[in-house]
There are 2 protein chains.
Amino acid sequence: MPRTKSRQLIPVDGLAQLSFLIHGLLERRVAEHDLSMIQTRLLGVLRDRRPTMQELAQLLSLDKSSVTGLVDRAEGRGLVVRIPSEADRRVVRVGLTGVGRALASDVASQFEGDVAIVLGRLPRTDRAALAKVVSRLLVADADARGVDLFATLDETAP
Amino acid sequence: MPRTKSRQLIPVDGLAQLSFLIHGLLERRVAEHDLSMIQTRLLGVLRDRRPTMQELAQLLSLDKSSVTGLVDRAEGRGLVVRIPSEADRRVVRVGLTGVGRALASDVASQFEGDVAIVLGRLPRTDRAALAKVVSRLLVADADARGVDLFATLDETAP
DNA sequence: TATTGTTATACTCTATAACTATA
DNA sequence: TATAGTTATAGAGTATAACAATA
């Protein structure tokens with residue numbers, strides 16, 4: 001008897017589908033710029049940071065050796081630069097080039113447009129309701145994990 | 001002045017973040033079973049089909065040569081089997097083994113639990129609102145692309 | 001000839017282990 | 001000795017092009 005009702009109250013499938021829809025939107029969009037998801041995340045992370053290779057590994061949840069290759073390829077395309085640290089000559093910092101920053105901006109605004117189109121198919125009141133609940137959900141999740149919500153913003157939405 | 005308001009009405013960032021949250025949940029969960037996302041999708045697609053290699057390529061949006069390798073590795077792990085077609089001896093169909101089916105079920109139910117935990121942090125009324133709006137969004141999107149919603153269910157929620 | 005699937009090849013992405021340079 | 005980063009190596013995942021078997 002409570003079958004239909006509980007499906008509505010715990011919309012696991014719907015949420016999963018929605019997440020794959022949005023993720024796929026980004027994947028297809030960045031592919032047009034010959035970017036993989038991880039290269040896109042790299043650019044996103046660098047928009048407001050100049051991390052060391054070590055820090056980059058933590059930010060992207062990768063091994064430091066994986067970051068070496070990742071940055072190699074991005075640098076080869078002229079999207080990022082390695083900046084030797086003066087304080088500690090073992091350390092290398094990574095920053096966006098102008099080209100890299102422009103590409104990151106392009107991708108971000110195009111992706112926002114893609115998501116806006118999908119959202120635009122909903123009536124205004126539904127969009128408002130969605131915004132409210134999604135923001136509550138994100139806050140509740142960040143709370144539950146003791147995480148600063150804004151610290152992860154640009155990693156997830158490059 | 002309408003800045004805050006329009007952010008709420010077009011929750012692009014929030015939706016993107018949410019989608020990465022859910023996607024990451026699945027990624028971490030399947031990694032515990034030594035599954036990549038594409039291997040997980042393969043198992044998901046096979047839960048109610050025995051497609052040819054060609055059909056598999058279309059279902060997963062991969063080149064047929066990529067599917068050869070994908071199926072090779074899954075078959076090597078005993079998760080799927082190649083079944084020679086009797087009608088056309090060029091054709092190979094792919095199906096789940098018992099082990100593959102059990103793994104797919106495990107992963108699906110664990111992932112549902114993960115999503116349910118996140119949703120459980122919302123008050124009941126918010127969950128109901130989210131369920132309603134998300135389902136409308138998915139229907140609207142499927143409509144807009146002239147796609148049968150249920151045909152893609154198990155690809156996105158393995 | 002056309003189609004199905006595999007193979008050969010090349011590149012990205014990833015990790016582990018060993019290495020170099022610096023601290 | 002310990003740390004930061006790279007290199008060597010191996011394997012998954014992907015695509016393009018060439019191929020074999022079948023239709």
Side-chain angles (χ1 to χ4, degrees), chain A residues 23-24 26-28 30-46 49-95 158, chain B residues 23-24 26-28 30-46 50-95 155 158:
Chain A
H23 196 272
L26 180 58
E27 207 157 30
R28 265 171 271 134
V30 305
E32 289 177 4
H33 298 273
D34 283 303
L35 287 174
S36 63
M37 288 296 275
I38 187 62
Q39 288 285 346
T40 305
R41 284 185 66 205
L42 173 62
L43 298 187
V45 157
L46 295 180
R49 291 180 190 83
R50 282 194 165 180
T52 67
M53 296 293 283
Q54 183 91 345
E55 288 163 351
L56 214 37
Q58 289 163 353
L59 287 166
L60 300 174
S61 301
L62 291 176
D63 187 85
K64 54 183 179 170
S65 65
S66 304
V67 176
T68 295
L70 201 64
V71 170
D72 280 350
R73 292 183 289 273
E75 199 172 24
R77 284 178 62 175
L79 303 178
V80 308
V81 279
R82 280 177 165 91
I83 305 153
S85 166
E86 295 173 2
D88 184 336
R89 284 181 14 216
R90 293 172 301 180
V91 169
V92 176
R93 292 194 169 273
V94 182
Chain B
H23 197 271
L26 180 57
E27 206 158 31
R28 266 172 269 134
V30 305
E32 289 177 6
H33 299 275
D34 283 303
L35 287 174
S36 63
M37 289 295 276
I38 187 62
Q39 288 285 346
T40 304
R41 283 185 66 204
L42 172 63
L43 299 187
V45 158
L46 295 180
R50 283 194 164 180
T52 66
M53 296 293 282
Q54 182 91 340
E55 288 164 351
L56 214 36
Q58 290 164 351
L59 288 165
L60 300 174
S61 301
L62 291 175
D63 187 85
K64 56 184 178 168
S65 65
S66 305
V67 175
T68 295
L70 200 66
V71 169
D72 280 351
R73 293 182 291 273
E75 197 171 27
R77 284 178 64 175
L79 302 178
V80 308
V81 279
R82 280 180 165 91
I83 305 153
S85 165
E86 296 174 2
D88 184 335
R89 283 176 23 211
R90 293 171 303 180
V91 169
V92 176
R93 293 195 168 272
V94 182
E155 288 173 62

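Residue numbers begin at 1 in each chain, while the letters A, B, ... track the order of the sequences. Just so you know, these numbers come straight off a predicted model, no measurement behind them.
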*Asks:* Would you mind reading off the distance between A:Glu86 atom CD and C:dA23 atom P, rounded to a whole angstrom?
*Replies:* 12 Å
*Asks:* Measure the distance from CD on A:Gln54 to P on C:dT22 and round it to the nearest whole Å.
*Replies:* 18 Å
*Asks:* Does the side chain of B:Leu35 reach to within under 4.5 Å of the side chain of B:Leu79, using non-hydrogen atoms?
*Replies:* yes
*Asks:* Hey, which of these two, A:Ser61 or B:Glu55, hits DNA chain C nearer its 5' end, going by closest nucleotide?
*Replies:* B:Glu55
*Asks:* Applying salt bridge (Lys or Arg N to Asp or Glu O under 4.0 Å), name anything that partners B:Arg93, two or more places apart in sequence or on another chain.
*Replies:* B:Glu55
*Asks:* Distance check, rounded to the nearest 0.5 Å: A:Arg41 atom CZ versus A:Leu62 atom CG?
*Replies:* 7.0 Å
*Asks:* Can you tell me how far P of D:dG13 sits from CE of A:Met37, to the nearest Å?
*Replies:* 17 Å
*Asks:* Looking only at side-chain N and O atoms, does B:Ser66 come under 4.0 Å of OP1 or OP2 in D:dG13?
*Replies:* no
*Asks:* Please state how far atom CZ in B:Arg93 lies from atom P in C:dT4, giving the value in whole angstrom units.
*Replies:* 12 Å
*Asks:* Measure CG/A:Leu62 against C1'/C:dT12 and give the value in whole Å, please.
*Replies:* 13 Å
*Asks:* What's the separation between atom CD in A:Gln54 and atom CD in A:Gln58, rounded to the nearest 0.5 Å?
*Replies:* 5.5 Å
*Asks:* Without decimals, in angstroms, what is the distance between B:Gln58 CD and D:dA15 P?
*Replies:* 13 Å
*Asks:* Between B:Asp34 (CG) and C:dT14 (C1'), how many Å, whole number?
*Replies:* 14 Å
*Asks:* Which atoms of nucleotides 7-12 of chain D (N or O only) lie under 3.5 Å from a protein N or O atom, and what are those distances?
*Replies:*
none

*Asks:* Going through the checks in order, is the side-chain contact (heavy atoms from CB on, under 4.5 Å) test met by B:Met53 and B:Lys64?
*Replies:* CA-CA 7 Å; B:Met53 296 293 282; B:Lys64 56 184 178 168; 6.0 Å; no
*Asks:* Can you name the closest pair of heavy atoms from B:Arg82 and B:Thr68 and give their distance?
*Replies:* NH2-O, 3.3 Å
*Asks:* Is it the case that the base of D:dT3 and the side chain of A:Arg90 share a donor-acceptor contact (distance under 3.5 Å, atom types as modelled)?
*Replies:* yes
*Asks:* How is B:Arg82 classified with respect to the nucleic acid when contacts are heavy atoms under 4.0 Å: base, sugar-phosphate, or nothing?
*Replies:* sugar-phosphate
*Asks:* Answer whether the closest heavy-atom distance between the side chains of A:Leu56 and A:Leu42 falls below 4.5 Å.
*Replies:* yes
*Asks:* Whole angstrom is fine here: how far is it from CE in A:Met53 over to C1' in C:dA21?
*Replies:* 15 Å
